[in-house]
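For reference, the structure is listed below as structure tokens.
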Amino acid sequence: MSEPTRWSEGLGGATREESELLAAGVAERMPNELREQVWSAIALGAAGGASALGAASAAAHTGAATAETATAAGAATKGVVLSLSSVLKGALAIAVLGGASVAALHVRSLPSTHPPVQPALTHAIRAPSAVASALAPEAESSAVADPTAALAAQRALLSGSPAASAITGAAPLPPNPVVHEAPAVPASKSQSALALSRADSEAAQGRASDSNAHAELSSRLREESAAVLAIRRTLLAGNAQQALSLLARARGEFPQGALAEEREALSVRALMSAGETAAARQQGAAFLRRFPRSPHARDVRRLLGLE
Amino acid sequence: MTLERIYEQHADFVFRNLRRLGVPSNDLADAIQEVFLTVHRTLPQFEGRSSVATWLFTICRSVARDRRQRAHHRYEVADAALVAREPAAGPDLATLLEQREKLALLDELLLGLDEDQRFVFVLFELENMTGSEIAQALGIPEGTVSSRLRLARAAFRAALSRRRAAEERPLLRTGSKR
């Protein structure tokens, strides 16, 4: 077949209006915010999907999950669906974690025998939907109250670490059977809201006195997340030198930041990309000493040719 | 080829095509996730015999079909209020609004096309795929791609004319009353 000419090109024959309509369609882009949020959910599913989300979903069905395990996965992904619902204030942080984690994830290196992730993820997203919407304000304040713990939980989820339950258990919420009963039944939505708000109100009492400090911490976390995200994007765009410059700035601004681990893993990658092999090796060795159990450790070792 | 690289390069493609395959806006984020998780699962088997876009479109089509059937969603054009799409417009608000209007009209016109014709039209005119890529993605001969494209263009043009005529009609009626 001889290739037809595109309608809007030269002799294609489209009118000006037709061409303009087509041009608008060609130029359409996914909103950046949605892009980041969806990626965070994909990363969650891809990096730990079979283990973390699958476990959360399966456990939600058997009632064996802690409320956090199910709702962390559900709320995180619900945050995607609801876009700016801020189900988790750390949504940006999750995006960064997801990105950093999967940035280093070479898909071919994963076992090809993954059980289907989609149903688990969909359940994790969908099942607690009524709960998540009822939970949103509480979940939000929980994340604000202890973003570091939330990050640790997300990190564990992302890495598929068995420590996930231990970490999520650090801020105990009683197992909540309503979590898996909630979907699409209006009556259970209010029950869920009641049950969850009772549990959360107890925790909220302990948080009231230092809410300002927590808000400030949360704000810093968002700033740090944005900084790490910018580094990752710059690196992906192939601009290693600029990524290194952003890394230096982020280190200055957030020397003890909650995302230091992700940032430093990116720095090894950036140095390698910039051709600074010796510095990358030095940085990688420092990373492995500082974060020997990091989910990024394996990728760093690979980058350095250590495995 | 990593999942993230594919996402970086093709997320817009998946977003646009899921919308045009009739995935409602409130289901779009989940559908995009589903597509890329399918990519994640099947990437080891992807041998590059087709282009990535062709492969992705096949997955999009399957995901969109499943979601429409599963959720019994009404086939509808994505609600611009729910999914704030981003036309590549400048910061100028007027330009932005104009672009949004164009996108809404484009959606409306595409929706009016026969589904088989719409796939070919969208992939060729909007996604810049070649005839052979489209033939592969849709599992049809290249000659069929050409004929569907011709029919789609004619239908698109006719729908736009009808739309413009309908816009002018109330004005004419008002004029005749006076």
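Below, read A as the first sequence line, B as the second, and so on, with proteins coming before strands; counting in each chain starts at 1.
- When every heavy atom of A:Thr15 is checked against every heavy atom of B:Arg157, the shortest pair comes out as N-NH2, 3.8 Å.
- Within the model, atoms CD of A:Glu17 and OG of B:Ser161 stand 8.5 Å from one another, a figure rounded to the nearest 0.5 Å.
- In this structure A:Gln242 satisfies the side chain to side chain donor-acceptor pair (under 3.5 Å) test together with A:Asn239, sequence neighbours excluded.
- The line from NZ of B:Lys102 to CD of A:Glu28 is 13.5 Å long, rounded to the nearest 0.5 Å.
- B:Glu127 meets the salt bridge (Lys or Arg N to Asp or Glu O under 4.0 Å) test with B:Arg16, B:Arg20; sequence neighbours excluded.
- Between chain A and the options B:Leu106, B:Val14, B:Asn128, B:Val122, the largest number of non-hydrogen pairs under 4.5 Å is found for B:Asn128.
- Scanning all heavy atoms of the two residues, the minimum distance from B:Glu125 to A:Val26 falls at O-CG2, 3.9 Å.
- For the atom pair NE2 of B:His10 and CE of A:Met30, the computed distance is 14.0 Å after rounding to the nearest 0.5 Å.
- In this structure, the side chains of A:Arg35 and B:Phe15 stay at 4.5 Å or more apart for every pair of heavy atoms.
- Against chain A, the residues from residues 148-156 of chain B that qualify, each with a non-hydrogen atom under 4.5 angstrom away, are B:Leu149, B:Arg153, B:Phe156 in number order.
- When all heavy atoms are compared, the tightest approach of B:Leu103 to A:Ala24 is CD2-O, 3.4 Å.
- To the nearest 0.5 Å, the span separating CD on B:Glu98 from CD on A:Glu20 amounts to 7.0 Å.
- For CZ of B:Arg164, the number of neighbouring non-hydrogen atoms (other residues, nucleotides, ligands) closer than 6.0 Å is greater than 12.
- Looking at A:Trp39 and B:Ile32, their side chains never come closer than 4.5 Å, going by heavy atoms from C-beta outward.
- Only the side chain of B:Phe121 comes within less than 4.5 Å of a heavy atom of chain A; its backbone N, CA, C and O stay farther away.
- For B:Tyr7 against A:Ile42, the heavy-atom pair with the smallest separation is CE1-CD1, 3.5 Å.
- In this structure, chain A has a heavy atom under 4.5 Å from the side chain of B:Leu109, while its backbone stays farther away.
- Both the backbone and the side chain of B:Leu126 come within less than 4.5 Å of a heavy atom in chain A.
- Close approach to chain A, defined as a heavy atom under 4.5 Å from one of its heavy atoms, is seen in no residue of residues 50-57 of chain B.
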